[in-house]
Amino acid sequence: MTTLTRQDLNFGQGREAGPAGPGAGASGPAGFLERATGLCPPAVVADVLCEFLEVAVHLILYVREVYPVGIFQKRKKYNVPVQMSCHPELNQYIQDTLHCVKPLLEKNDVEKVVVVILDKEHRPVEKFVFEITQPPLLSISSDSLLSHVEQLLRAFILKISVCDAVLDHNPPGCTFTVLVHTREAATRNMEKIQVIK
């Protein structure tokens, strides 16, 4: 089984420490976004992350050939061409999943989002892990922030586009699922809600 993380794809390698200084958290697009949440309302950050995750999931499914290339259309996101599914049921599954993730992102309850590619017997053969960490505060202008975030998300998408070159081919007949790992406090809160009901 392959687990692909930001570190495996060298996100942020060779970059100088950002405005928050050395050791300010994860590097790369997600890391910068995570550090920048002190400037944006949580709902805005959750929207940006969900939009990015949607594009990333579609691109992973295309690049890893989980579905036939014929169901994907070329679109432009973050000023780079990406492949997005045009299959209504697949799109609805991805949108419904991210709709459930968004409130957790707003509360910073998500530890990681994992796209798992499964073989015919539903055994995991590959994982794409998107780690979400608690952000420190930054002081940077919103125009500069948005420009920098777009640049970093573009780099992230480009890395996903080329990951196929370093990974083995998947067996035929694969499918996928999206797993959301929450922080311990979020799990306890969900358990409390279920007990109350």
Side-chain angles (χ1 to χ4, degrees), residues 1-6 8-9 11 28-30 33-34 43-107 109-132 146 149-182 186 190:
M1 176 178 1
T2 304
T3 300
L4 188 65
T5 65
R6 287 194 311 257
D8 294 332
L9 294 175
F11 292 115
L33 234 175
E34 293 157 5
V44 173
V45 174
D47 282 340
V48 171
L49 282 171
C50 283
E51 181 181 57
F52 166 73
L53 287 168
E54 181 178 11
V55 173
V57 169
H58 283 270
L59 192 56
I60 288 166
L61 298 178
Y62 173 79
V63 168
R64 300 307 293 146
E65 299 177 353
V66 175
Y67 294 103
V69 295
I71 71 161
F72 293 91
Q73 292 179 335
K74 188 179 282 190
R75 301 218 179 112
K76 198 171 190 178
K77 194 67 184 163
Y78 312 117
N79 284 325
V80 292
V82 296
Q83 295 289 335
M84 301 286 286
S85 161
C86 55
H87 191 280
E89 292 167 8
L90 175 58
N91 295 353
Q92 192 63 51
Y93 171 78
I94 295 168
Q95 288 171 356
D96 289 348
T97 301
L98 294 174
H99 180 75
C100 293
V101 172
K102 186 179 176 208
L104 296 169
L105 286 169
E106 288 174 358
K107 293 186 251 175
D109 285 342
V110 177
E111 189 172 280
K112 57 187 162 184
V113 176
V114 183
V115 178
V116 183
I117 299 178
L118 307 163
D119 66 12
K120 285 181 182 178
E121 288 78 37
H122 301 286
R123 291 183 305 231
V125 292
E126 240 171 27
K127 291 181 183 180
F128 291 80
V129 179
F130 298 89
E131 298 170 341
I132 314 291
L146 293 175
V149 168
E150 181 178 311
Q151 193 175 51
L152 293 169
L153 292 175
R154 182 180 323 120
F156 213 129
I157 292 298
L158 290 170
K159 293 284 187 173
I160 292 172
S161 296
V162 298
C163 74
D164 201 39
V166 297
L167 298 173
D168 294 331
H169 291 287
N170 287 323
C174 284
T175 187
F176 82 105
T177 190
V178 177
L179 304 176
V180 179
H181 297 251
T182 60
M190 286 186 259

- Query: With a 4.5 Å limit on heavy-atom distance, are the side chains of Val57 and Phe128 in contact?
  - Reply: no

- Contacts of type side chain to side chain donor-acceptor pair (under 3.5 Å), residue Gln73, not counting sequence neighbours: Arg75

- Message: Nearest 0.5 angstrom please: Ile157 CD1 to Ile60 CD1, how far?
- Response: 8.5 Å

- Correct closest heavy-atom pair for His58 and Ser85 would be ND1-N, 2.9 Å

- Item | Under the side-chain contact (heavy atoms from CB on, under 4.5 Å) test, residues paired with His122 that sit two or more places apart | Leu118, Thr175

- Message: What's the separation between atom CZ in Arg154 and atom CG in Asn79, rounded to the nearest 0.5 Å?
- Response: 5.0 Å

- Query: Residues two or more places apart in sequence or in another chain: which of them pass side-chain contact (heavy atoms from CB on, under 4.5 Å) with Val114?
  - Reply: Lys112, Val116, Lys127, Val129, Leu179, His181

- If you measure from CG on Asn170 to CD on Glu65, what distance do you get to the nearest 0.5 Å? 8.5 Å

- Could I get the full list of side-chain contact (heavy atoms from CB on, under 4.5 Å) partners for Pro103, not counting sequence neighbours? none

- Message: Just verifying a value: how many Å separate Asn91 CG and Ile94 CD1, rounded to the nearest 0.5 Å?
- Response: 6.0 Å

- Query: How far apart are the C-alpha atoms of Glu131 and Glu111, what are their side-chain angles, what is the distance that settles it, and do they pass the side-chain contact (heavy atoms from CB on, under 4.5 Å) test?
  - Reply: CA-CA 6 Å; Glu131 298 170 341; Glu111 189 172 280; over 6 Å; no

- Are Leu61 and Leu90 side-chain neighbours, meaning at least one heavy-atom pair lies under 4.5 Å? yes

- Nearest-0.5 Å distance, OG1 of residue Thr97 to CG of residue Leu53: 11.0 Å

- Message: Give me each pair satisfying ring-ring contact (aromatic ring centres under 6.0 Å, His included) with a member in residues 69-98, each pair once, sequence neighbours excluded.
- Response: Tyr62-Phe72, Tyr93-Phe176

- Tell me, please, which residues at least two apart from Ser161 pass side chain to side chain donor-acceptor pair (under 3.5 Å). none

- Residues passing the side chain to side chain donor-acceptor pair (under 3.5 Å) test with Glu121, sequence neighbours excluded, are Arg123

Kindly list each side-chain donor-acceptor pair under 3.5 angstrom involving residues 44-51, sequence neighbours excluded, with atom names and distances?
residue, atom, partner, partner atom, Å
Asp47, OD1, Lys102, NZ, 2.7
Glu51, OE2, Lys77, NZ, 2.7

- Item | For Asp164, side-chain contact (heavy atoms from CB on, under 4.5 Å) partners two or more places apart | Val63, Arg64

- With a 4.5 Å limit on heavy-atom distance, are the side chains of Asp168 and Val125 in contact? no

